[in-house]
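Report on one structure; see the data block that follows.
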Amino acid sequence: MRISIIGCGYVGLTTGLALAETGNQVVLVDVVEEKLRAVEEGRSPFYEPGVDEMILKHRSSGALSTTTDLGRAVEGSDITFIAVGTPSREDGSMDDTFIISAAKEIGDALKTKDGRHVVVMKSTVVPGTTWNTIRPLIEENSGRKAGPLLGIAMCPEFLREGAAMHDSLHPDRVVIGTMEDETFEVLDRLFAPLDSRILRTDPTTAEMIKYASNSLLATKISFANELSRICERVGVDVYDVMEGVGMDSRISPQFLRAGVGFGGSCFPKDVSALRYLAREKGVPTPILDGVMENNEIQPGHLVQVAERTMGGLKDVKALVLGLAFKPDTDDVRFTRSLPVARHLSSLGARVAGHDPKATENFRKEAPPEMSFFDDHEEGLSWADVVFLVTEWPEYAAIEWERYPNIRAIFDGRRTIEPASVKDIAYWSMGSPLPEP
Ligand code: UGA
């Protein structure tokens with residue numbers, strides 16, 4: 001099939017690559033020419049394992065092309081995916097600016113196009129958006145009604161950054177939210193080669209499935225984190241506790257890793273948007289409120305334990321290892337390293353940071369007095385105290401005995417084996433509290 005994808009971010013690009021891989025002709029559309037230029041040159045506009053190779057493969061096979069001309073892309077395709085950003089506004093509500101302008105332009109392009117066209121919402125949007133906002137805009141601008149000539153669907157994306165290519169090619173499930181049988185059949189055929197479970201539903205339920213999934217995953221993490229603070233006081237290790245809890249097949253061991261909290265572009269944004277929607281509808285959300293409140297406690301808690309253990313952090317050289325919100329990405333959106341660095345700064349520590357990929361992105365937000373090391377070994381030779389905030393594999397391989405200057409390590413992500421540290425005080429979140 002001929003596919004156009006509006007938005008060349010994580011979701012758009014990896015969806016496009018997965019569809020190229022399964023035998024479709026894909027054109028990527030973006031207003032940011034730099035992103036498209038990167039794809040044309042065979043590289044990903046962001047750091048993501050495996051994406052460069054897939055771009056090169058499908059640039060040379062001719063299955064993947066790019067353009068800034070949305071109208072022409074829509075005209076030359078049978079299905080258009082909307083995969084533009086839906087960031088949070090200050091008040092937690094979803095900013096729909098980009099999806100609205102995409103819908104209008106798609107509608108305009110359809111005015112002169114012959115034949116049936118399917119528009120699929122892939123961006124994460126507040127339940128009701130595709131059917132109540134996007135469909136009418138496309139209808140108005142194209143002069144067609146949803147039905148025989150215009151298909152409307154919502155297919156949420158469940159990929160994880162750092163594993164985006166794998167998740168796009170092997171999704172746990174594909175959710176197709178549409179009111180029309182014909183649209184379902186076309187999308188069912190399109191996604192069939194992914195060999196995944198397919199769920200048919202309506203667009204608004206599909207949108208809610210996405211919010212509910214991310215909110216439940218965030219809830220599991222916040223639950224593990226709350227439990228971890230209790231376990232620390234009781235004198236047991238939350239990882240041992242969660243191992244036993246996760247053996248219950250009704251619960252599963254996934255997303256019960258306690259630590260410094262969740263970050264990224266999705267969990268905080270989606271939980272906030274769902275709370276905002278509930279507030280608008282007059283529905284109280286004590287669980288979701290608690291999920292966010294609990295997440296904010298963790299970075300401060302890590303630093304507080306360090307302060308108590310060290311007897312103060314003033315003028316202490318504190319190295320934050322890991323600035324990305326998780327390993328295998330250069331994404332720093334809502335990274336927990338930022339509140340950790342700010343807390344350390346406010347207590348008078350001399351803060352420095354290191355990340356294998358994300359330093360440049362982090363610098364823009366960092367406390368002005370924070371410095372950075374290109375090489376983590378240099379940072380380790382400088383530091384008095386180390387805070388592990390992102391579990392990059394190279395940090396797990398550090399030979400700690402080479403750094404006698406380091407007095408203590410505070411691990412926010414269970415990054416290293418305690419046995420690998422001798423003669424240095426080591427504490428990992430969720431384990432019994434250290435003696436002051
Ligand atoms: C998340 C979901 O996992 C994806 O299914 C979803 O498609 C995506 O959001 C999205 O909506 O686009 P992502 O944000 O890329 O994916 O990363 P995750 O691997 O879910 O991690 C999110 C955060 O939670 C990270 O900061 C991670 O360190 C933290 N986390 C994760 C924990 O603190 N504990 C855990 O047990 C798991």
Side-chain angles (χ1 to χ4, degrees), residues 7 9-15 46-49 83-88 94 122-126 155-168 170-175 206-207 209-228 238-239 242-243 245-246 251-274 291-292 294-299 301-302 322-340 355 358 388-392 411-415 428-430:
Y10 277 100
V11 172
L13 180 55
T14 47
T15 302
F46 44 83
Y47 174 73
E48 179 67 35
V84 295
T86 49
S88 276
M94 180 190 79
K122 203 68 172 115
S123 308
T124 300
V125 289
V126 170
C155 296
E157 179 55 62
F158 300 104
L159 66 81
R160 293 160 300 167
E161 287 183 27
M165 218 46 259
H166 171 272
D167 290 355
S168 300
H170 310 283
D172 277 349
R173 78 292 208 191
V174 172
V175 174
E207 290 160 341
I209 288 172
K210 170 69 189 186
Y211 272 115
S213 300
N214 272 1
S215 296
L216 183 56
L217 292 170
T219 304
K220 285 186 86 174
I221 299 170
S222 271
F223 176 79
N225 285 338
E226 188 160 305
L227 256 283
S228 80
V238 75
Y239 276 67
M242 288 308 166
E243 191 185 348
V245 172
I251 298 174
S252 110
Q254 304 260 5
F255 280 71
L256 290 175
R257 283 196 336 269
V260 73
F262 56 79
S265 62
C266 303
F267 289 170
K269 168 175 81 82
D270 295 351
V271 175
S272 300
L274 190 52
V291 167
M292 294 308 289
N294 198 70
N295 200 49
E296 288 313 310
I297 293 175
Q298 293 303 91
H301 176 60
L302 177 69
L323 306 170
F325 87 92
K326 64 183 234 181
D328 281 329
T329 179
D330 60 0
D331 196 339
V332 297
R333 284 176 286 179
F334 213 79
T335 174
R336 301 291 72 201
S337 312
L338 188 59
V340 167
D355 192 280
L388 287 155
V389 187
T390 316
E391 65 276 37
W392 284 97
D411 192 345
R413 297 275 183 211
R414 263 320 133 107
T415 314
S428 174
M429 294 185 94

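Both counts, for ligands and for their atoms, begin at 1 and track the order of listing.
- Side-chain contact of Thr329 with Tyr10: a donor-acceptor pair under 3.5 Å is present, judged by distance alone.
- When the side-chain contact (heavy atoms from CB on, under 4.5 Å) test is applied to His166, the partners found at least two apart in sequence or on another chain are Arg160, His170.
- The immediate protein surroundings of ligand 1, defined as residues with any heavy atom under 4.0 Å of it, consist of Glu157, Phe158, Leu159, Arg160, Glu161, Lys210, Asn214, Ile221, Phe255, Leu256, Arg257, Gly261, Phe262, Gly263, Cys266, Phe267, Asp270, Phe325, Lys326, Arg413.
- Ser228 and Arg257 are not linked by any side-chain donor-acceptor pair at a separation below 3.5 angstrom, with hydrogens and angles left out of the test.
- Atom-to-atom distance recorded for Lys220:NZ and Ser215:OG is 14.0 Å, nearest 0.5 angstrom.
- Between atom OG1 of residue Thr335 and atom CG of residue Asp355 there is a gap of 8.0 Å, rounded to the nearest 0.5 Å.
- Rounded to the nearest 0.5 Å, atoms CG (Leu338) and CG (Leu323) are 9.5 Å apart.
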